[in-house]
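To start, the structure itself, in structure tokens.
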Amino acid sequence: MQKTFAMIKPNAVRAGLVGRIIARYESARLSVVAIRFKQMTQADVEGFYAEHIGQPFFPNLVRFMTSGPSVQLVLAGENAVTKVRTINGATNPREAEPGTIRYDWATSTVENAVHSSDCLESAVREIDFWFKSEEIIEYKTRSQRAESVL
């Protein structure tokens, strides 16, 4: 089973979409194994999005990401990275497929409702940025849960 990181951004939190977004992940047989609400600081944004520092859009990204709370998630399941990226849709909502989170709820490329890890290496780094290992519950498949009961 893979773990990946996803974040529900402030515009989606303000719009009351947290439950609906999590339901989409869970509908794809992904499990939430860690979750937190966080009001990001400028230091959080600079640390998490360090590769974008110096880009022309970065000041707007800082302003947006510190404008309200976000929700950080660790999701687990088969092919979690790819599943979450597919559910989220293209970063630019104008390019997102109908039925994806960004097609349905993003308002711009910056205010695009969600973030997710783009590969396993990013998932490890992003999970470690927000969560301590003891904050992440152990994920078990249905068959593993059934075996532990017997």
Side-chain angles (χ1 to χ4, degrees), residues 1-53 55 58 61-62 64-93 95-97 99-106 109-150:
M1 292 296 121
Q2 272 184 7
K3 289 185 185 124
T4 192
F5 177 79
M7 179 171 18
I8 303 171
K9 294 182 177 182
N11 63 316
V13 173
R14 269 192 298 279
L17 299 172
V18 173
R20 292 167 77 180
I21 291 171
I22 291 172
R24 288 203 184 179
Y25 297 142
E26 290 179 327
S27 294
R29 300 181 64 102
L30 295 165
S31 294
V32 176
V33 295
I35 186 170
R36 87 159 31 97
F37 277 83
K38 170 91 170 132
Q39 175 67 49
M40 291 174 74
T41 64
Q42 182 165 340
D44 290 330
V45 178
E46 290 171 352
F48 187 71
Y49 291 108
E51 69 273 14
H52 299 304
I53 292 175
Q55 296 293 324
F58 193 73
L61 180 64
V62 171
F64 168 60
M65 293 304 297
T66 59
S67 70
S70 57
V71 177
Q72 288 76 32
L73 303 160
V74 179
L75 300 165
E78 289 185 33
N79 301 311
V81 172
T82 301
K83 277 186 182 179
V84 171
R85 304 272 306 163
T86 300
I87 293 164
N88 288 350
T91 302
N92 182 342
E95 298 169 5
E97 294 290 323
T100 62
I101 290 170
R102 290 178 174 143
Y103 180 90
D104 291 342
W105 297 312
T109 302
V110 172
E111 295 189 24
N112 62 2
V114 288
H115 164 91
S116 62
S117 304
D118 61 358
C119 64
L120 283 173
E121 294 78 18
S122 294
V124 170
R125 180 179 50 79
E126 292 175 350
I127 290 168
D128 288 347
F129 185 88
W130 295 109
F131 294 94
K132 297 175 186 165
S133 60
E134 61 269 16
E135 295 176 307
I136 302 168
I137 63 169
E138 183 181 337
Y139 174 78
K140 292 184 179 182
T141 64
R142 286 183 181 162
S143 60
Q144 289 171 324
R145 287 191 301 268
E147 288 172 12
S148 66
V149 172
L150 299 176

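Along the sequence shown, residues carry numbers from 1. Heavy-atom basis, side chains included; hydrogens, waters and symmetry copies ignored.
- E95 meets the side-chain hydrogen bond (donor to acceptor under 3.5 Å, both in side chains) test with no other residue; sequence neighbours excluded.
- For Q42 against T66, the heavy-atom pair with the smallest separation is N-CG2, 3.8 Å.
- In this structure A34 satisfies the side-chain contact (heavy atoms from CB on, under 4.5 Å) test together with V74, F131, I136, sequence neighbours excluded.
- For N112, the side-chain hydrogen bond (donor to acceptor under 3.5 Å, both in side chains) partners two or more places apart in sequence, or in a different chain, are K9.
- Within 6.0 Å of CD in E97 there are 12 or fewer heavy atoms belonging to other residues, nucleotides or ligands.
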Notebook entry, point to check: Does the pair Y25 and T4 meet the rule for a side chain to side chain contact (heavy atoms under 4.5 Å, CB included), with working shown?
Noted result: CA-CA 11 Å; Y25 297 142; T4 192; over 6 Å; no

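- For V110, the side-chain contact (heavy atoms from CB on, under 4.5 Å) partners are L61, F64, S108, not counting sequence neighbours.
- Dense packing is recorded around OH of Y49, with more than 12 heavy atoms of other residues, nucleotides or ligands lying under 6.0 Å away.
- Taking F58 as the reference, nothing meets the ring pair (Phe, Tyr, Trp, His ring centres under 6.0 Å) condition, with sequence neighbours excluded.
- Of all heavy-atom pairs spanning K3 and I127, the tightest one is CB-CD1, 4.0 Å.
- Every residue two or more places apart in sequence or in another chain that forms a side-chain hydrogen bond (donor to acceptor under 3.5 Å, both in side chains) with D104 is listed here: R24.
- For K83 (side chain) and L30 (main-chain N/O), no donor-acceptor pair under 3.5 Å exists by modelled atom type.
- F48 is linked by a ring pair (Phe, Tyr, Trp, His ring centres under 6.0 Å) to F5, H115, F129, W130, counting only residues two or more places apart in sequence or in another chain.
- Atoms OG and CG, on S133 and D128 in that order, are 8.5 Å from each other to the nearest 0.5 Å.
- In this structure, A106 and P93 approach most closely via the heavy-atom pair CB-CB, 3.5 Å.
- For the pair S117 and E126, the tightest heavy-atom approach, listed with the atom from each and the gap, is OG-OE1, 2.6 Å.
- Screening I101, L17, L73 for a side chain to side chain contact (heavy atoms under 4.5 Å, CB included) with I8, the sole residue that qualifies is L73.
- Taking the side chain as every heavy atom from C-beta outward, V114 and I87 never approach each other to under 4.5 Å.
- In this structure, CG in L75 is found 8.5 Å from CD in E26, a value given to the nearest 0.5 Å.
- Residue pairs meeting the salt bridge (Lys or Arg N to Asp or Glu O under 4.0 Å) criterion with at least one partner in residues 39-48, sequence neighbours excluded, are K38-D44.
- Residues satisfying the side-chain contact (heavy atoms from CB on, under 4.5 Å) test with T86, not counting sequence neighbours, are T82.
- For R36, the salt bridge (Lys or Arg N to Asp or Glu O under 4.0 Å) partners are E135, not counting sequence neighbours.
- Closest non-hydrogen pair, S67 versus R14, comes out as OG-NH1, 3.3 Å.
- To the nearest 0.5 Å, atom CG of residue N92 and atom OH of residue Y103 are 13.0 Å apart.
- For the pair S31/M1, no side-chain contact is recorded, criterion being any heavy-atom separation below 4.5 Å from C-beta on.
- Shown here for L120 and V81, the closest heavy-atom pair between the two residues is CD2-CG2, 3.9 Å.
- Applying the side-chain contact (heavy atoms from CB on, under 4.5 Å) criterion to Q55, with sequence neighbours excluded, gives H52, F57.
- Evaluation of the side-chain hydrogen bond (donor to acceptor under 3.5 Å, both in side chains) rule for S70 yields Q72 as partners, not counting sequence neighbours.
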